[in-house]
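Whatever order the structure lists them in is the order used to number ligands and atoms, beginning at 1.
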Amino acid sequence: MSDNNKKLPRVELPADARIDTIAVREGLPATPWGEHSEALFLTSSFVHPDAATAARRFANEEEAFVYSRFSNPTVTMMERRLAAMEGTEACIGTSSGMAAIMLLFMGLLKAGDHVVCSQSVFGSTIKLLQGEFGKFGVESSFVSQTDVAAWRAAMKPNTRLLLAETPSNPLTEVCDIAALAEVAHGGGALLAVDNCFCSPALQRPAKLGADLIIHSGTKYLDGQGRVIAGALCASEKLVNDKFVPVMRSAGMSLSPFNAWVVLKGLETLSIRMRAQSEKALALARWLEAQPQVATLYYPGLPSHPQHALAMRQQSGLGGAVVSFIVKGDTPEEARANAFAVIDATRVCSITTNVGDTKTTITHPASTSHGRLTEAQRLAAGITQGMIRVAVGLEDVEDLQADLARGLHSL
Ligand SMILES: *Cc1c(COP(=O)(O)O)cnc(C)c1O
């Protein structure tokens, strides 16, 4: 589109507006009705005043809403708000976090290309890359998330993309985003970061050199466990040239209703992330002092191997996910102990989601990582005694009492 072409109007915000202002104000201007809360446009198509205008809009000569598979005002509001919060020019909403990752791969890769991926990314991401895209001739190498030299050593002439997720789930491994961006760009590749666990409220990978940011909107962006949603943030050029055409033909579109829920969730993202991180820190400190806890993983504590890096990269906060291993002399005993702690809770919900205001508790070895072999699990550091807690907004003392019940009975 040339500059003379008609563009969608913008919300008038100060050029230097900060993230908390952007989070409640960025979007599209109100309709002529003057609604204060953003409108939910549940419509599949949009009407044109005449045939010539319709032709211009379909030829991309005039920016307008056409069909909700690829453009809808509520979705656009969510995309603009999230892009501005991440500090990228553009964003494209998707039907789920996994759809965002599929769009990333479909938009950037072809047969014969190579991807270097952290071995600690979300399990479905590994299955999608290695299994589905492997089937189409995309090569992949998996490396230790925290070992920059391993990323560099895995680079090949045909490497197009590096993919990391920081902090990782459930071990909360933190990678150095700026160092990985340097490795990627040195080899003519792009760096994508799954920013699910921190969200832009704590961590803005684009400021550290990442080219693409992936989100599962299902997690902290919604923040209350209501909808499945996803997004991919990048430059306007990447979004327009690589991802919009795939969205138009493949249709992994974000529903306007789910976009609206995420849009409103973004307004409270920053206060939720801060409050949940503070509660997680208090809970992690308490857990670390319990004799029944063998190991604890939380980037907000000095005992975490990448604590200093995490504090630099994540606005001084550790995020809201705490994992720990309960003691046990054998894997069977450790598993029984972990189950006893989980089953003794009355406040925490036994469910695998994260990013909810309700605290969730899970046993990764038998749920999220249950499809792996025991050897694969051990290589990934997921032992039978491990418990993951995604801290919500309940009172920390109630959460402590909830975990103490099981821990102190061991
Ligand atoms: C949940 C999750 C995803 C997948 O998102 P969905 O919305 O469930 O498809 C991807 N990456 C991370 C880190 C996640 O936690």
Side-chain angles (χ1 to χ4, degrees), residues 75 78 82 86 91-106 115 117-133 142 145 161-175 177 191-203 205 210 212-233 250 252-255 257-259 261-262 265-266 269 273 276 280 297 299 313-314 319-323 351-356 360-362 364 367-371 380 382 388-392:
V75 177
M78 193 288 286
L82 184 58
E86 283 288 2
C91 168
I92 183 162
T94 57
S95 55
S96 68
M98 288 320 303
I101 298 171
M102 182 170 73
L103 179 61
L104 170 78
F105 295 159
M106 286 181 76
V115 180
C117 185
S118 155
Q119 66 195 14
S120 326
V121 295
F122 195 61
S124 299
T125 306
I126 295 180
K127 289 209 176 298
L128 180 66
L129 177 58
Q130 208 171 26
E132 305 306 327
F133 280 84
F142 293 86
Q145 159 107 338
L161 180 68
L162 277 65
L163 174 58
E165 179 186 311
T166 182
S168 69
N169 173 35
L171 288 171
T172 71
E173 291 172 331
V174 174
C175 72
I177 298 172
L191 172 65
V193 173
D194 187 327
N195 199 22
C196 200
F197 272 43
C198 274
S199 89
L202 302 190
Q203 171 171 280
L212 304 122
I213 294 117
I214 301 154
H215 274 290
S216 166
T218 316
K219 313 293 168 57
Y220 293 98
L221 306 189
D222 166 5
Q224 293 178 60
R226 297 164 292 195
V227 299
I228 302 283
L232 178 51
C233 300
M252 59 288 265
S253 326
L254 177 57
S255 100
F257 181 82
N258 291 4
V261 172
V262 172
L266 289 175
L269 178 65
M273 286 308 302
Q276 287 174 243
Y297 303 88
Q313 234 169 226
Q314 302 175 192
V321 176
V322 181
S323 294
T351 177
T352 49
N353 197 22
V354 305
D356 202 308
T360 64
I361 189 163
T362 181
T367 58
S368 53
H369 296 71
R371 286 185 292 173
I382 318 278
R388 187 198 72 188
V389 178
V391 180

Point to revise | Atom CZ of Arg226 with >12 non-hydrogen neighbours under 6.0 angstrom | key: yes

Check your understanding: Among the heavy atoms of Asp194, does any lie under 4.0 Å from an atom of ligand 1?
Key -> yes

Revision key, fill the gap. closest protein heavy atom to atom 5 (O) of ligand 1 is Ser216 OG, 3.0 Å

Exercise for review: Could you walk me through whether Leu221 and Met78 pass the side chain to side chain contact (heavy atoms under 4.5 Å, CB included) test, one step at a time?
Suggested key: CA-CA 10 Å; Leu221 306 189; Met78 193 288 286; 5.8 Å; no

Review point. Under a heavy-atom criterion of less than 4.0 Å, does Gly217 contact ligand 1?
Key: no

Study note, to complete from the structure: Counting heavy atoms under 4.0 Å, the part of Ala99 that contacts ligand 1 is neither

Review point. Below 3.5 angstrom, do we get any N/O pair linking Met98 and ligand 1?
Key: yes

Study note, to complete from the structure: Residue, atom and distance of the protein heavy atom nearest atom 2 (C) of ligand 1 read Lys219 NZ, 2.4 Å

Check your understanding: Thr352 and Thr367: side-chain donor and acceptor closer than 3.5 Å?
Key -> no

Practice item. Could you tell me whether some N/O pair between Phe197 and ligand 1 is separated by less than 3.5 angstrom? Key: no

Practice item. Write out the residue and atom name of the closest protein heavy atom to atom 4 (C) of ligand 1, then the distance separating them to 0.1 Å. Key: Phe122 CE2, 3.5 Å

Review point. Can you tell me if Gln145 and Ser168 form a side-chain donor-acceptor pair at under 3.5 Å?
Key: no

Study note, to complete from the structure: What one should report as the nearest heavy-atom pair of Glu165 and Val121 is OE1-CA, 3.2 Å

Point to revise | Per-atom contacts, ligand 1 versus Ala229 - under 4.0 Å to a heavy atom | key: 7 (O)

Exercise for review: Calculate, to the nearest 0.5 Å, the distance between atoms CD1 and OG belonging to Ile228 and Ser255 respectively.
Suggested key: 11.0 Å

Practice item. Would you mind reporting whether Pro200 and His215 have side-chain heavy atoms less than 4.5 Å apart? Key: yes

Exercise for review: Could you check atom 7 (O) of ligand 1 against the protein and tell me its nearest heavy-atom contact, residue, atom and distance included?
Suggested key: Thr218 OG1, 2.6 Å

